[in-house]
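All remarks here apply to the structure that follows.
In the text below, chain A, chain B and the rest are named by the order of the sequence lines, each starting its count at 1.
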There are 2 protein chains.
Amino acid sequence: MVMLSLSLHTLNERRGITPGSPPHRVRQAVFHRANSMLYRPGDRTGTLYDIAFGTVRTYHMMSDGRRQISGFYFAGDVFGLEPQPRHRLFAETVEECAIRPFDQRTEVAGAEALYALAQADLGRLGDHLMLLGHANALARISRFMLDLDSRQGRDGLVTLGMPRADIADFLGLTIETVSRVFTRLSEMRLIARDTARSIELLDRDGLAALCD
Amino acid sequence: MVMLSLSLHTLNERRGITPGSPPHRVRQAVFHRANSMLYRPGDRTGTLYDIAFGTVRTYHMMSDGRRQISGFYFAGDVFGLEPQPRHRLFAETVEECAIRPFDQRTEVAGAEALYALAQADLGRLGDHLMLLGHANALARISRFMLDLDSRQGRDGLVTLGMPRADIADFLGLTIETVSRVFTRLSEMRLIARDTARSIELLDRDGLAALCD
DNA sequence: CGCGCTTTTGAGTTTCGTCAACTGGTGTGG
DNA sequence: CCACACCAGTTGACGAAACTCAAAAGCGCG
């Protein structure tokens, strides 16, 4: 799975702003406790968020209380772009976070950069769609782990910042199924669980083979 | 479900081109037989397609031969926008189609219009994600029918241009399940099947109630 | 009419969800 | 320091939903 992530750094490069240039109108990063609400459906869009550190989830809430997490965002990712003048998603911190909000209009140079951001989200959504459409629980978790691994870049050592419930609601599973799949992958010697949140990928080719 | 669809007409309005203005560099619409390949993964992106009439499907192919249809496009819709310089999707006609290709760079006024198109796709994908994540077969089909109804605008009379296999691969189901759900919805008096491809929505509130 | 294709229906199996109990780690207070 | 409570995660038993394989029915077309 190709997980596109577009950082503000990339955006700035597109604008010709190198790290050495004087920053203009930089708003400070804001610290948030875990599980803080950042925005909710109905809030005005127009602000984007650049994550300095931490993890953020965006999600839909359905009438019966079920939750579909549409994405996780990590340090360097930009989130908050939505197609309408008002948000349709919730955004919450998963862990402690430092987040720099900035104005979509004044601090992003025109529609081109916005289009680039939208493209990144499009790529991610397309991949996720395929996963939810035609993949069993084993494949979903395997892909999720491989994706986290590639985004965290710590060579086979994956840290899950989120609880099982978040993984379940992201992948369209239940926490019990998520748990069982971790156990199975462990038995298959594809992963090793140091703790519940810290997982070593022992055989990434084997995991990839499950993803089909 | 909000199904955003953005027609070239809308794009032109954004450019200040009204139906009366002289067209510039209009390429003719091209006619295609059913099941014609329009582009495939690896082909260069940069051309967009405006459907005059007919139905188009875009899809991913997985290594094991399974297919995930990511969207259906109808008369007035524009498709072909993808985040990379090369396509990752297949695009095929479902029925006979007339399609006007146009150049993304020269015939779309800048990134703003592209961004608008990307937004439309984002909205659609987000909705579809939710559907595939947390919805049973009954809900998936019900939503699909209601969505088609709202896009075809013929007040409760839905024409399925595509075979069951396409519906199945779009909704992440099998053709047998699709068929069984149609039968169930019929028994529940929510729909009536004139033919297999022509379906009347008898109780749209009832269908909506199944969608959660 | 007969052929090929799509759709429907049926029977059996698998996968995942539900409900419930249990484990293990963490923090608190006696 | 230990006992306890609490929460996240795991495990087990069972049932429901959807898939698979197979066969029959419907439909368009030469």
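Nearest to the side-chain atoms of A/T177 among the listed nucleotides C/dT7, C/dC16, D/dA17 stands C/dC16.
Seen from the ring of A/F90, A/R40 does not count as a face-on cation partner, given the 6.0 Å and 45° thresholds.
Here B/T174 does not reach the OP1 or OP2 of D/dT20: none of its side-chain N or O atoms lies under 4.0 Å away.
Judged by distance alone, the side chains of A/T174 and A/T177 do bring a donor and an acceptor atom under 3.5 Å apart. Side-chain contact check for A/Y73 and A/R124: at least one donor-acceptor pair (N or O, by modelled atom type) lies under 3.5 Å. One side chain, A/T58 or A/S70, offers a donor N or O that lies under 3.5 Å from an acceptor on the other.
Taking atom CG on B/D166 and atom C1' on C/dC5, their separation rounds to 14 Å, with Å as the unit. At whole-Å resolution of the value, CG in B/L173 and C1' in C/dT7 are 16 Å apart. To the nearest angstrom, C1' of C/dT15 lies 16 Å from CG of A/L132. Atom CE in B/M162 sits roughly 15 Å away from atom C1' in C/dT6 (whole-Å rounding).
Evaluation of atom-type donor-acceptor distances gives a pair under 3.5 Å for the side chain of A/E176 against the base of C/dC19.
Mapping B/P163 and B/R180 onto DNA chain C via the closest heavy atom, the residue that lands nearer the 5' end is B/P163.
Within the 3.5 Å criterion, the main-chain N or O of B/V94 finds no donor-acceptor partner in the side chain of B/T55.
Using the six-membered ring where Trp is involved, A/F144 and A/F72 have ring planes that are tilted, between 30° and 60° apart.
Listed in residue order, the members of residues 190-199 of chain A having a heavy atom less than 4.0 Å from DNA chain D are A/R193, A/A196, A/R197.
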